[in-house]
Q: 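I'd like to ask some things about the structure below.
We name chains A, B, ... by the order of the sequence lines, and we start the count at 1 in each one.
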Amino acid sequence: MSTINAQADNASRHAALNATAGCVHNWSQTLVPTTREAPSDAETPSHIFLVRAGYIRQVGAGIYNYLPLAWRSLKKISAIVREEMDAAGASEFLMPALMPIELYKDTKRDVDYGNLLFTLEDRHGRRSALGPTHEEVITDLMCGAVTSYKQFPLNLYQIQSKFRDEARPRAGLLRCREFIMKDAYSFHLELEGDAGLNHTYDKMYQAYTNIFTRCGLDFSAVEAEAGPIGGSASHEFMVNCANGEDTILHCPSSGYTANVEKAEIGERTWSFDVAPSAEITKHHTPNMPGIDLVAEHLGVQPAGMLKSIVFRRVGTEAKWVVAVVRGDHDVNEGKVRDAVGTAVELAPEAEARAAGFAIGYVSPRTIDTIKMTLVVDPDALNAESWATGADEKDHHITGFNWSRDMADAIAGGKVKVADIRNAEAGDPSPRAPGAFLETRRGIEVGHIFKLGTKYSSAMGLSVLNKEQKKQDVIMGCYGIGVSRTLSACIESAHDENGIIWPLAIAPYHAQIVVIRPDDEGVMDEANKLAAELSQQGFDVLIDDRDDRPGSKFKDADLIGIPLRFIISPKTIESGEIEFKARADEGKAELIKREDAVRAALAKCESIA
RNA sequence: CAGAGAGUAGCUCAGCUUGGUAGAGCGUCUGGUUUGGGACCAGAAGGUCGCAGGUUCGAAUCCUGUCUCUCUGACCA
């Protein structure tokens, strides 16, 4: 963990506190519109609490106001990101959010990104885009700004609002159309060595580990698919949380961790040579979309069926690919791509029908009538008898047997066996023989990629190297969803009463709940304590509202400030003060007034 | 994009079937009484019922169109 520039006399101060004096704010002078009820459409905890606790208000679908509390937390996350990025040798700068659409032409991302790209037209009829990421802008910038190999390596980053026209924004800040992101781009002429991509990639991996650790998050770094952004290697940083959107596979024995798109499956035994146990029988199965319905009708389990998915190779001649998996498994497009050696996409239904595929009723036997590549998952081979499509509308068959019914194709080497499905809990580990994969859920908050020369070659970013040869620049890119990190943190750290912030990214470190602020001396005492805490680097929120104690306690739980003091006429009378951590169960404890700051400092050590 | 649902007060919702000029709770404001886990009493403010057409003597309510938002799925650095 990197250190903050601490003053000499505060060398032991907790890293989550300010190095210099913290701020003191009064609740009555800021905007924290808490509500008793959440909007009815809020369903996930982070969405409910962000709204109820007065952090965000919705403006449109996937577009939110960040109110003062949220903005303070976002700034703290950003500050940690900046410190770690700077410490890792990256330089902050800022690109525009708005850019001419032409920038996306060379890389074809205006098409590849599709409707996800926000576009608009200005008064002159020019089309522009709101940046979803900035590979093109920075590559274009580098084309003109970097002239010599001696300027590499470079790593530049920005923190900025990003725009994606998500088909379905959801869950508050978790999936927005406008969101805050840190994106970094690195440039190299080689992979290895101190100046190479791999070195920077490793530094970013470490910086991300530092960032999410300092944010107080429970997270995993997982191997990931590069996706449409392209590139050769990538890792995702996922906040572990039970209701996360993404599935992670984990091998407890080897520590192998990958997301479901990437996760490999260990060795599985399989054979074509299984004696048939039944004749092929045709069944009429009309109006049964989905494996489950057909299986039920045929009286078999989904695991007793074969699922045949028709893909089309992207941009080549021999175009059809049929991927066969067991009925209860899901085909993994990336693995199919790797198995057949070219990019594939789900075949458009109309075209596949025109080519002779009985979509919805396709079986491996289609290979007898249509020229195609057949890829089969090992788990789709071993049974004596399978139920599958009849290659004819509204019909399925039972009794299919690979060795008997596909003998010619197998003998001709036309049946390729490969791991082409999503891994599941219980699958053999790819790294530790005898071990089995487990699943977890997570929310992606960071992603690092080795891009290679995808963008530089498409946009002509090249320089003369030492040997005076023109060379495409090798790139990496590194993203962090700043606003998503805020909500992911709440997803994993809350109780039924509200948010429980880690010290490092809480909007304030400490809150002083003032009971009877109108009573003589109580506010004075609160201000005095706030000043003392502030001197020690605490950011302090004083709840000075003239409200009943019950409401103030409820609101305090809701907004989730880590440390809480309670001052009332009673505590002043006895020379004491009440103190508790938000994460602690039960009531606050009474401590001596003069011990207040010391108690707060000590608590920082135990909770953060 | 497919399927489903919802737009009435700051928030949660009722009213719509069976048309007659709009309600409750919470919140807000005033006064009073209160003050340790979302108090109480009295009073007040606040809505051209998403928008546009249509039917009708009369539309929140019926019809048509349209916009917006949400959920499930597909999609997704």
Q: Taking A:Gly446's backbone N and O only, do any of them form a donor-acceptor pair with A:Lys182's side chain (distance below 3.5 Å, no angle check)?
A: no

Q: Parallel, tilted or perpendicular for A:Tyr205 and A:His235, by the 30°/60° rule?
A: perpendicular

Q: Which label fits A:Tyr208 and A:Phe237: parallel for a plane angle under 30°, tilted from 30 to 60°, or perpendicular past 60°?
A: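 The arrangement is tilted - the two ring planes meet at 30° to 60°.
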
Q: With sugar-phosphate meaning primed atoms plus P, OP1 and OP2, does A:Arg484 contact a base, only sugar-phosphate, or nothing at under 4.0 Å between heavy atoms?
A: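 If one applies the 4.0 Å heavy-atom cut-off, A:Arg484 turns out to touch nothing in the nucleic acid.
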
Q: Map A:Ala38 and A:Lys182 onto RNA chain B by nearest heavy atom, then report which one ends up closer to the 5' terminus.
A: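 The residue mapped nearer the 5' terminus is A:Ala38.
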
Q: Please answer whether the main-chain N or O of A:Glu135 pairs with a side-chain N or O of A:Thr139 as donor and acceptor at a distance below 3.5 Å.
A: yes

Q: Can you check the A:Glu43 CD to B:rG73 P distance for me, whole Å?
A: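 It works out to 11 Å between those atoms.
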
Q: What is the distance from CG of A:Asp557 to C1' of B:rG38, rounded to the nearest Å?
A: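 For the pair A:Asp557 CG and B:rG38 C1', the rounded distance is 11 Å.
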
Q: Filter on side-chain hydrogen bond (donor to acceptor under 3.5 Å, both in side chains), then keep only pairs touching residues 472-489 of chain A, sequence neighbours left out; what's left?
A: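 Counting only pairs at least two positions apart or across chains, the side-chain hydrogen bond (donor to acceptor under 3.5 Å, both in side chains) contacts touching residues 472-489 of chain A are A:Ser186-A:Tyr478.
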
Q: Under 4.0 Å, heavy atoms only, any strand: does A:Ala61 hit a base, just the sugar-phosphate, or nothing?
A: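 A:Ala61: backbone/sugar contact only, no base atoms under 4.0 Å.
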
Q: Which residue, A:Tyr185 or A:His47, contacts RNA chain B at a nucleotide closer to its 5' end, judged by nearest heavy atom?
A: A:His47

Q: When rounded to the nearest Å, what value does the distance between P atoms of B:rG27 and B:rC16 take?
A: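 Rounded to whole Å, the distance is 28 Å.
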
Q: Between B:rC76 atom P and A:Leu116 atom CG, what is the distance in whole Å?
A: 9 Å

Q: Can you check the distance between B:rC63 and B:rU55, where both ends of the measurement are the P atom (answer in whole Å)?
A: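 That atom pair is separated by 15 Å.
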
Q: Between B:rU30 and B:rU21, how far apart are the C1' atoms? Round to whole Å, please.
A: 30 Å

Q: Counting the atoms with a prime plus P, OP1 and OP2 as sugar-phosphate, which does A:Ile480 contact under 4.0 Å by heavy atoms, base, sugar-phosphate, or nothing?
A: nothing

Q: Using the C1' atoms only, state how far B:rA4 lies from B:rU18, rounded to an integer number of Å.
A: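 So the two C1' atoms sit 27 Å from each other.
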
Q: Would you mind classifying the nucleic acid contact of A:Glu444 as base, sugar-phosphate or nothing, using non-hydrogen atoms under 4.0 angstrom?
A: sugar-phosphate

Q: Tell me the interatomic distance from A:Phe163, atom CZ, to B:rC76, atom C1', rounded to whole angstroms.
A: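 The distance from CZ of A:Phe163 to C1' of B:rC76 comes to 18 Å, rounded to the nearest Å.
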
Q: Just the rounded figure in Å: distance from C1' of B:rG3 to CZ of A:Arg168.
A: 11 Å

Q: What is the distance from CG of A:Asn332 to P of B:rC76, rounded to the nearest Å?
A: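 Distance check: A:Asn332 CG to B:rC76 P gives 12 Å.
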
Q: Determine the sole option in A:Ile77, A:Leu217, A:Ile80, A:Val81 for which the side-chain contact (heavy atoms from CB on, under 4.5 Å) test with A:Phe212 is passed.
A: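 For A:Phe212, the side-chain contact (heavy atoms from CB on, under 4.5 Å) test succeeds with only one of A:Ile77, A:Leu217, A:Ile80, A:Val81, which is A:Leu217.
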
Q: Round to the nearest Å and state the distance from A:Glu166 atom CD to B:rC1 atom P.
A: 15 Å

Q: If you measure from the C1' atom in B:rG7 to the same atom in B:rA60, how many Å do you get, rounded?
A: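 It comes out at 12 Å once rounded to the nearest Å.
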
Q: Output the single nucleotide from B:rU72, B:rG37, B:rU12 whose closest atom is nearest the side chain of A:Pro39.
A: B:rU12

Q: For atom P, what is the distance between B:rC1 and B:rC13, given to the nearest Å?
A: 28 Å

Q: So, using side-chain contact (heavy atoms from CB on, under 4.5 Å) as the criterion, who are the partners of A:Lys587 when residues are at least two apart?
A: none

Q: Taking pairing as Watson-Crick or G-U wobble with both contacts under 3.5 Å, can you name the mate of B:rC13, or confirm there isn't one?
A: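 WC or wobble partner is B:rG23.
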
Q: Say whether, by atom type as modelled, one donor and one acceptor occur between the side chain of A:Glu236 and the main chain of A:Val222 under 3.5 angstrom.
A: no

Q: In whole Å, measure the gap between the C1' atoms of B:rU28 and B:rG3 for me.
A: 41 Å

Q: What is the distance, rounded to the nearest whole Å, between atom CD of A:Glu496 and atom P of B:rG38?
A: 14 Å

Q: List the protein contact pattern of nucleotides 25-36 of chain B with one symbol per nucleotide (5' to 3'): B for base contact, S for sugar-phosphate-only contact, - for none; contact means a heavy-atom distance under 4.0 Å.
A: BSS------BBB

Q: Suppose you measure atom P in B:rG10 against the same atom in B:rU48; what distance do you get, rounded to whole Å?
A: 9 Å

